[in-house]
Amino acid sequence: MEDISDQYVPADVEESAADHWAETDAYEATKEAHADDPAFFFVDGPPYTSGQMHLGTAWNKTLKDTLIRYKRMTGHRVTDRPGYDMHGLPIEVKVEEELGFESKKDIEELGVEAFIEECKTFAERNREKMDEDFQSMGVWMDWDDPYRTVDPSYMEATWWAFQRVHENGLVERGKRAVNQCPRCETALANNEVEYHEIESPSIYVKFPLKGREGNLVVWTTTPWTLPGNTFVAVGEDVTYQGVRAETESGDTEVLYLAEECVEEVLKKGRYVDYEVVEQLTGEDLVGLEYEHPLAEEVPDHAAFDGALQVYTADYVEVDRTGLVHSAPGHGQEDFERGQELGLEIFSPVVGNGDYTEQAGKYEGQFVRDANDDIVADLDSKDLLLSGETTRHDYGQCWRCDTDIIYLATDQWFITVTDIKEELLANIEESEWFPGWARDNRFRNFVEDAPDWNVSRQRYWGIPLPIWVPVDAGEDLEAEDCLVVGTREELAERADQELNPEEMDLHRPAVDDVTITEDGTTYERVPDVFDVWIDSSVASWGTLGYPAETEAFEELWPADLIVEAHDQTRGWFWSQLGMGTAAVGEVPYEQVLMHGFANDKDGRKMSKSVGNIVTPEEAIDRAGRDPLRAYLLSHDQQGANLAFQWDGLADVESTLNIFWNVFRFPLPYMRLDGYDPAEADLSDGELTVVDEWVLSRLQSVKSEVREAWEGYEVHEALNTVLDFLTEDVSRFYVKAIRERMWEEEDSAGKRGAYATLATVLDETVRMMAPFTPYLAERMYQHLDGGETTVHMLDYPEVDAELHDPDLEAHMAVLRKVEEAAANARQQGGRKLRWPVSRVVVESDEAAVREAVESLSDLFAERVNTREVVVVSRFDELVERAEPKMSEIGPAFGGDSQKVMQAVEGATREEVEAGVDADGEHYDLDDGMVEYHAEPPEGISGADFDSPVGDGSVYVDTTLTDDLESEGYARDVVRRIQEMRKTLDLDVEEPIHTRLDVSDERVAGFVDDHREFVADETRTAEWVDGDEAAFDLVEEWDVEGVDVTIGVKRVEDPDTPDGE
RNA sequence: GGGCCAAUAGCUCAGUCAGGUUGAGCGCUCGGCUGAUAACCGGGAGGUCCGCGGUUCAAAUCCGCGUUGGCCCA
């Protein structure tokens, strides 16, 4: 094993640990060690293979890795197969960009097979890069065997599930108004639409009424949907008015619109005057018929029974005009209302956004490009009341940022709205951390979830396993279709010869497969699945189901999934939806939902803002373990992280303290030939601090366990780190340092070695899931009995060593010690100088008991000759403080004199009455307040402890004896500093020259020559030229000039020197 | 436009559920310690508890209305 460096250098530690893992197959050994343990089925949410790891995905995988390591150490056989989500439009778009493609036509020209190959290569290339990234964070998962959504065996899992959904009667085919990306020529799910502000026309259009005078006034930002107009919607209880409006030229016309909107709209139409001719409700307007405003341009417009009439609808708001142009072919709400009304759907637009011949004059135009023509046509017919533009949020394709259009197209759905009750009930079957994520956020989402559009008119995805009769018409029902569940089943039923072992399930391999049954021939629906279908089956796809059944039967459903809060609408939902629709169950039992990694101000990291921090950069500047510990030291339940470089540096310095604690005993142990791996607490003598730190260790283990079990990961980590810094480093190590310096083997030293070795062994194991490299490095140096620290057990509480009373006492003592240090500082007596006496005063018996039980330790730590514990310190002097509000009225003009006489007097003096200017004054009780002060030479400070408060008094009066020791210690410390300057070995003897300018002080130091020589390994006191010394320095010791010379002894074997 | 989460010292957060003198760590500063020493210990400064309104003897805490940031939905 290499030497342990003075400084914690994460990069070195990590390299050394990584090498060790590689050499010893540590990961395999760890899995093997737990092969027979009870199973813990963790499922990795597959990251999308479009780019590389960023800080958020690094956090996510680190958290998963930490939990997996913890679960293993607590005796579980953990499923740790990582996953990758590799299909979908994002990759298609990237590949199209690489190939310089602009539309589907380019893809068809290249050929679907070649395009699929490109996508496959692209996704695989990204996956390999991400594989490396995740492994570079120290994530131990089964990287040799990840599940990939592009593997036929995984794809089959979606087929199997979809077949179940079909059997359950939850698959539906139909025309629905969906979000359509005209560039990608596919439907998009609501959650694939992102909203941005755009500028659109904002036009007010007159729809001439049939059979009566007047026009309905509607407003729209999408003129291109007017050819598809089918009805006008009004609010049932809204008040409408018919107004006769006068134009600038003096003509008049009648307009119908909501009362509230009249003024505003007439102003926009530049009417000069108007009168109300009619007032009526929405209900009254129902049934009015109107002329299609583009009747000439679009002769084939909706004219069927019930079209071009007024209906009520609940989506109407009293805004703009209060009348809403409705086209079921172009809007979701319009579509739903149209269905209720039994209206046909008229949608003269194809998938790429071009008008069909049904759009008459506009045939072949891209819809958005037709806006201007339509506005102009309306204007020419005097049907345009007003035309301007407006800025508003509008949906865009999540991948290519093209503005979407609403179209009614044939799509396939999983009708999750039919099983809403079951979905909501299944939510209750899962336990979420934090709880509010389930009960508020997720529940709301599920309540509002519409039917799931699972079909995409694209290429790079899992083909829909649906075969429809070749002659199927518009009204095809899902139950008349075949849904295939596995490759084997397809091979059996297919008309063609297929090899289930070797066939690829991607397009175009399955496109031409037909099935003939009962005299009907079926062909495959050309669509692919929505990419969210892929990961929705991860809980069984991970296990190779349906091809492999054993693992599924043993493990399913997942014990735990861990993702960020954006997955509420994503993976948390898709799994619930698919699980419930296919098998009636939620596929996971526990959900840990963490937050996002934002920038230092809590803002989202983004390329355009330029505030991105990459994991690589953080690893470079701090290290893998520090980055992991930093990420894990913050709340892991729903809260976002505001990344701070300072915070990362803080964590690194905390780990450095851990490193210092770890390496502190090593030189001593080596000198004594002590092997920490063989540490035995029954060998040697345990002092009270040993017993205390061992008890604290038990408390920490129990707190840490509890935190883990509630997935309070940051609590677990911070508890260990606090223990290391507060208890081990600041208290324990300080307390045992002197014992380590003892030269001979002693029971006390062995006790300290055993204690510290035990503490280190267990904290290393507790830290292992968080900082795997650092823990490995330490374990291999301290013990190394097993291949890796990660295959060991997580430490368990040893009740024998747990002593809550002692911990309580020590907690009191530390508070008292703090107060003593405070009092010392006030009395101007530094710790190196002993004091004769420290008095601890408290009227709490528990406090006194605590201090008394630890008084030796206390005396040592505060450097006092004597510790006195009392309930009341009777040397305090009560000093009087006059209360002028009482004295003033009582003594009138003499008040000032009385005040001066009273101030600072003792209680005795005041009670006897005070004299001033020859007069005697008696005072009442209420006129004076007393407070107790320490007498001259004693300074005090108060403390609050867990069991009660009190005060500490430090007697700083000097005696020759104390002063003598103080100076001697000061001299020792100067010589030590010089030894360090000379970089002498701890053991190396020296010759020392000492000149003290003050005779009295020189005497003091002489009294302690032996002590000084001992402490500084001075073999001989010498005189001589300054030039004869390796180092000569002049010091100011408490105002006294002291000149010290130090030189090495030439031959260390003969310490007597010359 | 709607839902959820957050806002407390320069920074990270606790305290909010169950109302009662705002706390810790880091940083800053002054001092101490000095064979773990780029470590460690003590003192001090530092707060509109995001704002406004309400309930209450009493509000960081409960309620309402806002502001800012984040996520989700439209």
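Quick note on labels: first sequence line is chain A, next is B, and so on, each numbered from 1. Below, all heavy atoms of this structure are taken into account, side chains as well, without hydrogens, waters or symmetry copies.
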Report task. Might you confirm whether atom CD of A/Glu428 has over 12 heavy atoms from other residues, nucleotides or ligands at distances under 6.0 Å? Result -> yes
Query raised in the report: Starting at CZ of A/Arg969 and ending at P of B/U34, how long is that distance when rounded to a whole Å?
Result: 8 Å
**Report entry** Nearest-Å distance for atom pair CD/C1', residues A/Glu726 and B/C40
**Finding:** 12 Å
Query raised in the report: Can you give one letter per nucleotide of nucleotides 11-17 of chain B, going 5' to 3': B for a protein heavy atom under 4.0 Å from the base, S for sugar-phosphate only, - for none?
Result: SSS----
Query - Pairwise C1' distance, B/A58 and B/U21 [rounded to whole Å] - result: 12 Å
Query raised in the report: Between B/C72, B/A39, B/C4, which nucleotide gets closest to the side-chain atoms of A/Phe445?
Result: B/C72
Requested in this report: With heavy atoms under 4.0 Å as the rule, sort A/Asp566 into base, sugar-phosphate or nothing.
Outcome: sugar-phosphate
Query raised in the report: Using a cut-off of 4.0 Å on non-hydrogen atoms, how would the nucleic acid contact of A/Phe643 be classed: base, sugar-phosphate, or nothing?
Result: nothing
Requested in this report: Hunt down the Watson-Crick or G-U wobble partner of B/G19, both distances under 3.5 Å, from any strand shown, or write none.
Outcome: none
**Report entry** Pairing partner of B/C26 (Watson-Crick or G-U wobble, both distances under 3.5 Å)
**Finding:** B/G10
Query raised in the report: Among B/U34, B/G3, B/A39, which is the nearest nucleotide to the side chain of A/Asn444?
Result: B/G3
Report task. Could you check which nucleotide pairs with B/C62 in any of the strands shown, counting Watson-Crick or G-U wobble with both distances under 3.5 Å? Result -> B/G54
Requested in this report: Answer yes or no: is there a side-chain heavy-atom contact under 4.5 Å between A/Leu188 and A/Asn453?
Outcome: no
Report task. Ignoring backbone atoms, test whether A/Tyr8 places a side-chain nitrogen or oxygen under 4.0 Å from the OP1 or OP2 oxygen of B/A39. Result -> no
Requested in this report: Please tell me which of A/Gln567 and A/Phe731 maps to the more 5' nucleotide of RNA chain B, matching each residue to the nucleotide holding its nearest heavy atom.
Outcome: A/Phe731
Query raised in the report: Does a side-chain N-to-carboxylate-O contact under 4.0 Å join A/Glu333 and A/Arg337?
Result: no
Query raised in the report: Mind checking what makes side-chain contact (heavy atoms from CB on, under 4.5 Å) contact with A/Leu1031, not counting sequence neighbours?
Result: A/Met978, A/Thr981, A/Leu982, A/Glu1033
Query - A/Arg777 to A/Tyr8, cation-pi by 6.0 Å centre distance and 45° axis angle - result: no
Report summary line: On RNA chain B, more 5' by nearest nucleotide between A/Tyr406 and A/Glu1015 is A/Glu1015
Query raised in the report: Between B/C72 atom P and A/His594 atom NE2, what is the distance in whole Å?
Result: 13 Å
Requested in this report: Give a yes or no answer on whether the side chain of A/Glu336 reaches the backbone of A/Asp334 with a donor-acceptor pair at less than 3.5 Å.
Outcome: no
Query raised in the report: What is the distance from NE2 of A/His565 to C1' of B/G69, rounded to the nearest Å?
Result: 11 Å
Query raised in the report: Which part of the nucleic acid does A/Trp659 contact within heavy-atom distance under 4.0 Å: base, sugar-phosphate only, or nothing?
Result: nothing
Report task. Report yes if a side-chain nitrogen or oxygen of A/Arg737 is closer than 4.0 Å to either non-bridging phosphate oxygen (OP1 or OP2) of B/A36; otherwise report no. Result -> yes
Query raised in the report: OP1 or OP2 of B/C71 less than 4.0 angstrom from a side-chain nitrogen or oxygen of A/Lys604, does that happen here?
Result: yes
Query - Donor-acceptor pair present, A/Ser729 side chain and B/A36 base, under 3.5 Å - result: yes
Report task. Please check if atom CD in A/Glu260 has more than 12 non-hydrogen atoms from other residues, nucleotides or ligands closer than 6.0 Å. Result -> no
Query raised in the report: What is the distance from CZ of A/Arg438 to P of B/C71, rounded to the nearest Å?
Result: 25 Å
Query raised in the report: Less than 3.5 Å between a donor and an acceptor, one on the side chain of A/Arg441 and one on the base of B/C71, is that the case here?
Result: yes
Report task. Please assess A/Tyr674 against A/Tyr668 for the test ring-ring contact (aromatic ring centres under 6.0 Å, His included), listing each intermediate value before the final yes or no. Result -> CA-CA 8 Å; A/Tyr674 187 91; A/Tyr668 307 105; over 10 Å; no
